[in-house]
Amino acid sequence: MLDNVNKVQFGSGLLVVLASAGLLLADVLESGAALGFGFIGIVLISASGWNRKDT
């Protein structure tokens with residue numbers, strides 16, 4: 001299932017998303033900052049499956 005996924009990029013994106021959610025729940029970050037970091041993490045996760053050879 002995860003054969004063509006860049007695992008480093010996927011893991012870092014997942015780490016960013018989970019860290020921003022945790023910091024939001026702990027009232028360390030405001031909702032806008034957590035949204036920005038979460039968006040960056042989601043972009044990293046979605047881009048981890050792209051392969052330049054396929055385009």
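The structure displayed is predicted, hence computed values, not measured ones.
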State the CG-OG distance between N6 and S12, to the nearest 0.5 angstrom.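 The distance works out to 8.0 Å.
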At what distance, to the nearest 0.5 angstrom, does OG of S46 lie from CD of Q9?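 Spacing of OG (S46) from CD (Q9) equals 8.5 Å.
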Treating Ile, Leu, Val, Met, Phe, Trp and Tyr as nodes and any side-chain heavy-atom pair under 4.5 angstrom as an edge, say whether F10 and V16 lie in one connected cluster.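 F10 and V16: separate clusters.
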Can L24 be reached from V17 by stepping across I, L, V, M, F, W or Y side chains whose heavy atoms are under 4.5 Å apart?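 Result: no, two separate clusters.
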Acceptor/donor pairs from residues 25-44 side chains to any protein atom, 3.5 angstrom cut, sequence neighbours excluded:
none

